[in-house]
Amino acid sequence: MCNCDFFIMGFSMQEYQPQTLEKAIQQVWNENRTFKAVEDPDREKFYCLSMFPYPSGKLHMGHVRNYTIGDVIARFQRMQGKNVMQPMGWDAFGLPAENAAIQNKVAPAQWTRQNIDYMKGQLKSLGFAYDWDRELATCDPDYYKWEQWLFTKLYEKGLAYRKKSVVNWDPVDQCVLANEQVIDGKGWRSGAPVQRRELEQWFVKITDYADQLLDDLDKLDGWPEQVKTMQRNWIGRSVGLEIDFPLADETDRLSVYTTRPDTLMGVTYVAVAPDHPLSKRAAENNPELAAFIEKCAHIATSEAVVETLEKEGVDTGIRVRHPITGEQLPVWAANFVLMGYGTGAVMSVPAHDQRDWEFAKKYGLPIKVVIKPVGGELPDVSEGAYTEKGELVNSGEFDGIRSEQALEVFAKVLGEKGLGRKQVNYRLRDWGVSRQRYWGCPIPMIYCDSCGVVPVPEEDLPVRLPEDVVPDGAGSPLAKMPEFYETTCPKCGGKARRETDTFDTFFESSWYYARYACPDQDKAMLDERADYWLPVDQYIGGIEHAILHLLYARFFHKLMRDFGLVHSDEPFANLLTQGMVIAETWYRQNPDGSKTWYNPADVEVQRDDKGRIVGGVLKSDGQPVEFGGIEKMSKSKNNGVDPQAMVDKYGADTVRLFTMFAAPPTQSLEWSDAGVEGAHRFLNRLWRLVQRHAEEGTAAAVDKAALTSEQKDLRRAAHEMLKQATHDIRDRLHFNTAIAAVMSLVNTLSRFEPQNDQDRAVLQEALELAVLVLSPITPHIAQALWEALGHEGLIVDQPWPQVDEEALKQDAIELVVQVNGKLRGRIQVPVDADKTAILAAARAEPNVQKFIEGKEIVKEIVVPGRLVNLVVKG
RNA sequence: GCCCAGGUGGCGAAACUGGUAGACGCAAGGGACUUAAAAUCCCUCGGACCUUGCGGUCCGUGCGGGUUCGAUUCCCGCCCUGGGCACCA
């Protein structure tokens, strides 16, 4: 195979030098194309995918953690005999490239490609087992051509359409602001109050797939329950009642949707969005209302902003009739009702909805109780709404009906009047994919005065994004480039105008996982190789993507399925959502109240005699800095730790080991320089231990028939470690406890001093197990130690070792004895001792006797292999 | 505001299906080696108390209740921290 033993000749007997070692081993992988994935129908495939990075400049610790998790899984599965594919690529379109362009006057394309080059080098230095032949970048026309193609197909099928929707508009910079660019209601660069502005934009009908997206969650056994719950809530399917409130002047009706039809008789007013047509019409001769609408037009569009606003409203003066009683009810314009959401109107029941209650109290609107606990008293609503379900009261002929029956009852009654109907509703809204941005995939549509909207024909795709553009932050550059937007109509050949908006970047990241199967296919979006590799067997990424990215990707998969491009319902069989990487923050208060943040690497931490942080000083000037808590690594708090500096100092294996050891993958990981040192110390210790053993030459195989009890103990320790680590890695993805098990074994082995050949044989076996188990986590040092232990070839091609059940057997075990659930003693019993013997031994234990003496034993519990509990009375 | 998580020694964590709370590591303290330092190795390490010692007792998993022979684990209520909220990715 490969001539791998050449480098160990140079490294054995020496101290551990990760930098040279890692480079040499990476070169061997490279030259042997060790991680190239080839379709092979005869082998079980394993597609391991980590969420691809946005090429922001350099890797951050979140990437390192994400990709190490993926790499450990990929390497482990390879040792399990699977045909593993682990690709990597670049989520290359996005806002930061435009911001960098404005700041540095560099074209986003150039900036992005430079970042990709640098970050690729970083990924290589970390030793990840990627098949680089499958690399892709979403800003490549060869890639985005196919999503343009799919979009035109969606349009033909009626799944893509245009409608008006609201954006945050910066009146100074004359551009649309992303939610994160709106700070306290103002544009981040201009500082001008944002304006809500309606734009004609493209939408994709994800709501047509809402039921599938909801129902198929039940098939995703390999997904965290938490993520499935979030998606279910996000889709928010409900069965309720759509109710019409006729306008008092009979000119029109106002429709609302409710999931609480049981409270219909308690409606005391109706609330509409400030920009609802009714509200706008009423404002024409109502200056107070007009002022309110104008005020609301400066509220940012994000739900988090709208939902935390102080609830405000104005009476529109319009009256509607209650659909059952005919009673006149006021219509209020309220800032918490959203126009783009349902019908833009809600019925308000202050007695049974807390938000309505607060609004009613504020404006002196009536509160009418219509629900009480079944068989109970009228609830007190003087301090807040009664939101439980129950039975109807004060509802005339409907009194006594249960909340659960109300939907059917009112659907029938209102149905007969033509004023209501049962309806399934979703919280999920259609996916708005238009962005008024430059650095994105052009939406492949053409507007012709005579033919209307015309999709770009397949033979004209891709619509290429001009790459030599430096945006200046004022408006969309494409809309100012006639050479881009001036075109001819594909239908009539007349003068026409191209769409200048680009896709939401979630569009690219919604199908990249499939394209990795066949990145070189230039005749189609996907080919049969996708059927071999899909679905992804293990997907790994941050919990922050639990809803949007993962929902869009699931949706895209179903779209591609319905176009015959893939043949499964779901893209990701197993999902691991990793926690954040956090670190200490340090700051100094400036005179103006702002804070200057200092990187933890520049701070000397001061601790008390217990080791608690009491303060810190800046290394450069020796002056104190304040401790700001432990937070997510970020630019704004300047607490990012540069992975490259760590790799340069300790080597990739140490960084990988620490990130896997410090916490289980799903939890947040607190960075600790001291912890990294500890991981490095451990690798050094293991290195010396193996070298010391190897200096005497490798040992023969263990003679299992002639083991001393000490040798048996050592073998048991080794195989118990293997059993534990295999379970932790394969079944739980808890790499921290697998590493702890190896550390424990290495501690035991360090204390063992071999006296004879059989001792050395047992030690050799244990060392091999330790090295094999560590190899997915710290692959470079594992390769070197594997050779030191006398093996040729690559450790990545070794099968995962088997637990020797024989080695785990014991003659006697220790049981814990409790009295009334409190630990009182320990007993040694033979493994096969029966219950009577165990209980006798437990009662005879001296300390236990102190607690049962003179008392009546009322119950005796024996948990096999674990404990005895004696329950006494008196 | 709404949805989803999390909270255990000085710190990161472990306890897998309700069964020994704190494995493993870090920090700290003590010792060995060294002319010295670094590195390395050994010991101690949740709190309070009892005991010459061996060892033992009580308390302790955010807070308050509950279920159970037994609760970090299950149930109810609360507090705090984090993630997401549709144009950051």
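Residue numbers start from 1 in every chain, and the chains themselves are labelled A, B, ... in the order their sequence lines are given, proteins ahead of strands.
OP1 or OP2 of U20(B) has not a single side-chain nitrogen or oxygen of N869(A) nearer than 4.0 Å. For K822(A), no side-chain nitrogen or oxygen approaches OP1 or OP2 of G56(B) to under 4.0 Å. A close approach under 4.0 Å does occur between a side-chain nitrogen or oxygen of N179(A) and OP1 or OP2 of A86(B). Contact annotation: R824(A) reaches the phosphate of C58(B) (side-chain N/O to OP1 or OP2, under 4.0 Å). Distances shorter than 4.0 Å separate some side-chain N or O of R732(A) from OP1 or OP2 on A15(B).
Ranking G19(B), U57(B), A86(B) by closeness to the Y552(A) side chain, first place goes to A86(B). Side-chain atoms of T308(A) lie closest to G1(B) of the nucleotides G1(B), A89(B), C3(B). In the set G56(B), G1(B), C87(B), G56(B) carries the atom at the smallest distance from any side-chain atom of K850(A).
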Here RNA chain B, pairs taken as Watson-Crick or G-U under 3.5 Å and shown with ( ), [ ] when crossing and | when to another strand, reads (((((((..(((......[....))).(((((.......))))).(((((....)))))..(((((..]....))))))))))))....
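Pairs of residues two or more places apart, or lying in two chains, that qualify as salt bridge (Lys or Arg N to Asp or Glu O under 4.0 Å) and include a residue from residues 654-670 of chain A are D71(A)-R656(A). Sorted by first and then second residue, the salt bridge (Lys or Arg N to Asp or Glu O under 4.0 Å) pairs with a member in residues 299-313 of chain A read K295(A)-E312(A), E303(A)-R427(A), E307(A)-R355(A), E310(A)-K362(A); sequence neighbours excluded.
Contacts of residues 653-662 of chain A with RNA chain B (heavy atom under 4.0 Å): F661(A), A662(A).
Residue contacts for Q667(A): at a heavy-atom cut-off of 4.0 Å it reaches the sugar-phosphate backbone alone, with no base atom in range.
Partners of R824(A) according to the side-chain hydrogen bond (donor to acceptor under 3.5 Å, both in side chains) rule, which considers only residues two or more places apart in sequence or in another chain, do not exist here.
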Contact string for nucleotides 39-45 of chain B, one letter per nucleotide 5' to 3', B = base within protein heavy-atom range under 4.0 Å, S = sugar-phosphate only, - = neither, reads -SS----
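With contacts defined as side-chain heavy-atom distances shorter than 4.5 Å, the pair Q849(A)/R843(A) does not qualify.
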